[in-house]
Amino acid sequence: MYILPKSFYARDPKVVAIDLLGKVIVRKLDGERLSGIIVETEAYYGFNDPASRAYGGIKPFCRVMLEEPGTLFIYMVHGNWLLNIVTLPKGIPSAVLIRAVEPKEGIKIMLRNRRVKRIYDLTNGPGKFTKAFGITKEYNGLNVADPSSPINIIDEGYRPSSIESSHRIGVSRDLPQKLRFYIKDNPYVSKAKPRA
DNA sequence: AGGAAGATCTACT
DNA sequence: GTAGATCTTCCTA
C-alpha cells in the first residue's frame, strides 16, 4: 500500500498500461476521498503514433507530455475531459489513458457528480470517470507520484486474475499493435468496441 | 470561421 | 443494437 513512484511510469507505455490494471487511483476532494480500481487503460506513443496528441510534433496544449513520468495530461475531447499519465523518461512523449475504473470509496459523491441509474455506468468510460471524480484541466501538469498531489495512484496489492487486450477505441488511425488493456470479465470495463 | 478530436446520451428500429 | 445529435477545446486557415 504505497504511492507508485516516478520510476513506475518511466517505462514503455504499453507496460505501464498493463501494470496499472488493478492499481487504485485516489482523488482527494474537499477533505473527502474518492477512489477506484483501474480496470481499463490504453497506451499512446509519441511522434510516430497517429493517434497520439504528440503526433507530428508537440503543440502548446500537449507540452506536458514532455514533463516527468507520472505527470497528468488532461485534455478535452467531444466535451469530455480525458485523463492520461505521462510515461517514459522526461522529454520523450508518450502516455497511458485511464479508460475505466471500478468505484471503491466516495461513491455517494461520484453519484452527485454524475447521475446514473446503474452503478456500473458510473465510471465505465474515460469521460464518465473524470466527471464522476470531478477531474478537469485544472490538474493538468500535476504529478501523481507526488504525495502532495490531489490525485495519486497506489498499489493496494490487488492483482487482476486475467488481462485482455484489443485495439484502441475510437481512434481514426490506429497502430497495428493492440494497445488497449482491460481486466477480463470486470463489469466496470467500458462497453465501447474498437472499430473494425 | 471551420472542423476535428482517444466520447456520451438519447431515441429510435 | 445502431444512428444521430451534441458535448468543448484547440488547431489551421
Side-chain angles (χ1 to χ4, degrees), chain A residues 9 12-18 20-21 25 36 38-67 69-88 92-103 110-142 144 151 153 164-183 187-196:
Chain A
Y9 304 101
D12 188 302
K14 175 178 172 178
V15 176
V16 177
I18 294 169
L20 276 176
L21 296 175
I25 184 162
I38 297 170
V39 300
E40 181 178 350
T41 58
E42 279 178 4
Y44 286 85
Y45 289 90
F47 304 124
N48 299 317
D49 180 350
S52 173
R53 299 274 116 160
Y55 182 62
I58 296 290
K59 292 132 217 140
F61 85 104
C62 62
R63 196 174 298 136
V64 296
M65 287 187 86
L66 297 176
E67 286 304 315
T71 298
L72 283 170
F73 174 34
I74 301 173
Y75 60 87
M76 170 74 65
V77 175
H78 292 77
N80 305 285
W81 294 110
L82 306 202
L83 182 149
N84 298 252
I85 298 166
V86 174
T87 54
L88 290 176
I92 310 174
S94 68
V96 171
L97 167 68
I98 307 293
R99 286 194 54 88
V101 307
E102 174 177 333
M110 295 183 204
L111 282 169
R112 199 191 305 148
N113 293 336
R114 223 182 98 72
R115 271 230 57 78
V116 289
K117 297 193 188 78
R118 305 179 323 128
I119 195 77
Y120 298 112
D121 294 327
L122 190 51
T123 56
N124 64 339
K128 300 178 185 178
F129 147 68
T130 53
K131 181 121 194 265
F133 273 61
I135 294 171
T136 65
K137 186 163 188 72
E138 69 178 303
Y139 296 133
N140 190 45
L142 266 47
V144 295
I151 301 175
I153 297 181
E164 299 260 282
S165 67
S166 82
H167 280 286
R168 293 177 294 190
I169 290 177
V171 304
S172 39
R173 294 166 299 171
D174 204 354
L175 290 172
Q177 308 108 286
K178 296 186 172 175
L179 291 172
R180 170 181 175 241
F181 306 96
Y182 56 97
I183 298 179
Y188 297 91
V189 170
S190 76
K191 305 292 181 293
K193 297 275 181 295
R195 59 172 64 189

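Just so it is clear, the model here is predicted, and its values are computed rather than measured. Below, chain A is the first sequence line, B the second, and so on; all start at residue 1.
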*Taking only N and O in the side chain of A/Arg180, is any of them less than 4.0 Å away from OP1 or OP2 of B/dG6?*
no
*State whether A/Lys128 places a side-chain N or O below 4.0 Å from either non-bridging phosphate oxygen (OP1 or OP2) of B/dC9.*
yes
*Rounded to the Å, how far apart are A/His78 NE2 and B/dG3 P?*
14 Å
*To the nearest Å, how far apart are A/Glu40 CD and B/dA7 C1'?*
12 Å
_A/Arg168/A/Glu42 salt bridge by N-O under 4.0 Å criterion_ = no
*Take the protein atom CZ of A/Arg99 and the nucleotide atom C1' of B/dT8, then report the distance between them rounded to whole Å.*
11 Å
*asked:* On DNA chain C, compare the nucleotides closest to A/Pro60 and A/Gly79; which residue's is nearer the 5' end?
replied: A/Gly79
_A/Phe133 and A/Met110, any side-chain heavy atoms less than 4.5 Å apart_ = yes
*May I ask you to say what A/Arg114 touches in the nucleic acid, namely base, sugar-phosphate or nothing, with a heavy-atom cut-off under 4.0 Å?*
sugar-phosphate
_For a quick test of reading the model, state the closest non-hydrogen atom pair linking A/Tyr9 to A/Leu20 and the distance between them._
CE2-CD2, 4.2 Å
_Check the phosphate of B/dG6 against A/Arg53, side-chain N and O only, distance under 4.0 Å to OP1 or OP2. Yes or no?_
yes
*Can you tell which of B/dG6, C/dC11, C/dC7 lies closest to the side chain of A/Lys59?*
C/dC11
*Closest to the A/Ser172 side chain: C/dC10, C/dT8, B/dA5?*
B/dA5
*Please name the residue in the list A/Leu175, A/Val171, A/Asp174 that meets the side-chain contact (heavy atoms from CB on, under 4.5 Å) test with A/Pro50.*
A/Leu175
*Given atom OH of A/Tyr75 and atom P of C/dT8, what is their separation to the nearest angstrom?*
18 Å
_Complementary nucleotide for B/dG3 - Watson-Crick or wobble, under 3.5 Å_ = C/dC10
*Does atom CZ of A/Phe47 have more than 12 heavy-atom neighbours from other groups under 6.0 Å away?*
yes
*How many Å lie between NZ on A/Lys191 and P on B/dG6, as a whole number?*
22 Å
*Using atom CZ of A/Arg115 as one end and atom C1' of B/dT10 as the other, report the distance to the nearest whole Å.*
18 Å
*Using atom CD1 of A/Ile98 as one end and atom P of B/dA7 as the other, report the distance to the nearest whole Å.*
15 Å
*Between B/dG6, B/dT8, C/dC11, which one does the side chain of A/Phe61 approach most closely?*
C/dC11
*Nearest to the side chain of A/Met76 - B/dA7, C/dC11, C/dT8?*
C/dT8
*Nearest-nucleotide comparison on DNA chain C, the residue closer to the 5′ end among A/Asn80 and A/Lys137*: A/Asn80
*If each of A/Val116 and A/Arg173 is mapped to the nucleotide of DNA chain B with the nearest heavy atom, which maps nearer the 5' terminus, i.e. the 5' end?*
A/Arg173
_Rounded to whole Å, how long is the line connecting atom CH2 of A/Trp81 with atom P of C/dC10?_
6 Å
